[in-house]
Amino acid sequence: MPEPSRQAQLLSSSVFRRQACDKLGPECRLFRAPGRVNLIGEHTDYNQGLVMPVAINRYTYAGAVPARAGEIHLESREFEDIYTAKLEMLQPEKGWGNYLLGMAAGLQQRGYKLRGTRLYVQSEIPFGAGLSSSAALEISSGLAMLGIAQTWPHQGMDMVWAAHFAEHHFVGALTGIMDQFIATFGRKEHALMLDCRSLEWEPVPLPAECELVICNTGVRHALAASAYNQRRHECQLGVEHFQRRLPEVQSLRDVTWNDFLRWQTDLPDAVMRRCRHIISENRRVEEARRAFQQHDLSRLSELFSASHRSLRDDYEVSCPELDAMVEAAAQAPGFIAGRMTGGGFGGCTVNLVYRAQVSRFIASVSAAYRSQMNHIPEIWAVESADGGGELALVNDQELLIRAAT
Ligand code: ADP
Ligand code: MG
């Protein structure tokens, strides 16, 4: 696969419009979808549990124009491969194009009539860092294909399921729905608490004095994929164990804390700890919602720390770099709450930081992490954002003229 070239470069939407217009011509329309960071609720999504992601102001942009009938043509600023495919015969191929080919197939399968589209995509979201560049790519380009077909999502969940289809059947990644969901439904100044079983969700207001700061360890340990499958398997063993005692249990979501305490004794140690993480993490998400609603920042601090410890000791998906970053943040000025975020074995930590002290926080974490790990981390202060939509230039300003939902 070609190396990503100018990946994760921050651009204003107007610069991207200019680049897209250079590529596709002046009639080009512009769509975007945000990356995300998960505040709390880690590894709970595939256990039918609770998560609390926030959409962030780092976007993937898709420029689009009509193309020859029945054809899609895909280019990315980040990769050299170019794809051309017939809408009536979409097949998985190799490389990044699968996210979009799968998205087109997923939308058609849900009854949307697409038209020939030429797409040019570009991203400010680093790949594979746990900020979900893939869902932002799927949702931005899915909206672009619908926009060119003179239609729009009848319901936001169509985007989510089409993108989920792309990941499962074209990319081959057995993901949950959190990433696609937040890229579609995200809401500025809010996190969304999503119940991955019922798909009910609610906006959770973020405190105005808090900024979100993401610290990237820059590492991705090779263990990640096999450990992920192993954790899924161990959770399944846990489900079978509790099912034998409580026949109504379908997933770890159905096991209450009291059930866990009562029936955990004869579980193998590793499986017991995996279950303890998932069941306690669901409770922490509920508690975090309450703490956000009551503006209880010290409770949030405890909950984030408890989540990190549980991921480190019970679920065993942290690594020395993530632990060092969390410790560096906890000592830094302005720190409120922090923990690892995403699947683990590298990637990022997420922190709530007093807005007025963000620069000092970043300088302090950067220095402490560097002296311990001999590596200067990338650190981004980000804002919460709305979900995907179409942009238009109005009085020299790029405005979101149509939201996905
Ligand atoms: P994450 O979603 O956490 O960033 P993934 O491995 O799920 O990590 O998705 C990253 C992949 O998505 C990249 O390797 C690439 O194939 C694809 N991708 C994301 N953004 C773009 C883009 N702008 N252009 C082409 N491919 C992209
Ligand atoms: Mg992804």
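Just so you know, ligand 1 is whichever comes first in the structure, and atom 1 is the first atom listed for that ligand.
No side-chain donor-acceptor contact under 3.5 Å links Asn395 to the backbone of Gln397. In this structure, Asn282 contributes its side chain and Leu50 its backbone to a donor-acceptor pair below 3.5 Å. When atom types are taken as modelled, the side chain of Ser366 and the backbone of Ala363 share no donor-acceptor pair closer than 3.5 angstrom.
Salt bridge Glu75/Arg118: present, at least one basic N to carboxylate O contact under 4.0 Å.
In the vicinity of Ser123, heavy-atom distances shorter than 4.0 Å reach the ligand 1 atoms 23 (N). For ligand 1, the atoms lying closer than 4.0 Å to a non-hydrogen atom of Gly128 are 1 (P), 3 (O), 4 (O), 8 (O). Ligand-side atoms of ligand 1 in range of Glu78: 22 (C), 23 (N), range being under 4.0 angstrom from any heavy atom.
On a distance-only criterion, Ser133 and ligand 1 share at least one N/O pair closer than 3.5 Å. Considering backbone and side-chain atoms alike, Gln122 places every N or O at 3.5 Å or more from each N or O of ligand 1. Between Trp96 and ligand 1, a contact under 3.5 Å exists for no N or O pair. The shortest N or O to N or O distance between Glu167 and ligand 1 is not below 3.5 Å. In terms of polar-atom proximity, defined here as any N/O pair under 3.5 Å, Leu131 makes no such contact with ligand 1.
Of the candidates Cys348, Gly35, Ser132, the one placing a heavy atom closest to atom 3 (O) of ligand 1 is Ser132. Heavy-atom proximity to atom 18 (N) of ligand 1, evaluated over Val121, Asn98, Leu137, is greatest for Leu137. With atom 12 (O) of ligand 1 as the reference point, the heavy atom nearest to it among Tyr120, Tyr99, Tyr61 is part of Tyr99.
Contacts classified as salt bridge (charged side-chain N to carboxylate O under 4.0 Å, His left out) and involving residues 213-226 (residues at least two apart or in different chains) are not found. Identified under the salt bridge (charged side-chain N to carboxylate O under 4.0 Å, His left out) test for residues 232-243, with sequence neighbours left out: Arg231-Glu234, Glu234-Arg274.
Here Phe79 and Phe127 bring their ring centres to under 6.0 angstrom of each other. Aromatic pair His221/Phe345: centroids not less than 6.0 angstrom apart. Aromatic rings from His73 and Tyr83 are positioned such that their centres are separated by 6.0 Å or more. Centroid-to-centroid, the aromatic rings of Trp263 and Phe242 stay 6.0 Å apart or farther.
Under the salt bridge (charged side-chain N to carboxylate O under 4.0 Å, His left out) criterion, Glu209 pairs with no residue at all, not counting sequence neighbours.
Around the Mg ion (ligand 2), protein atoms of type N, O or S found under 2.8 Å number 1.
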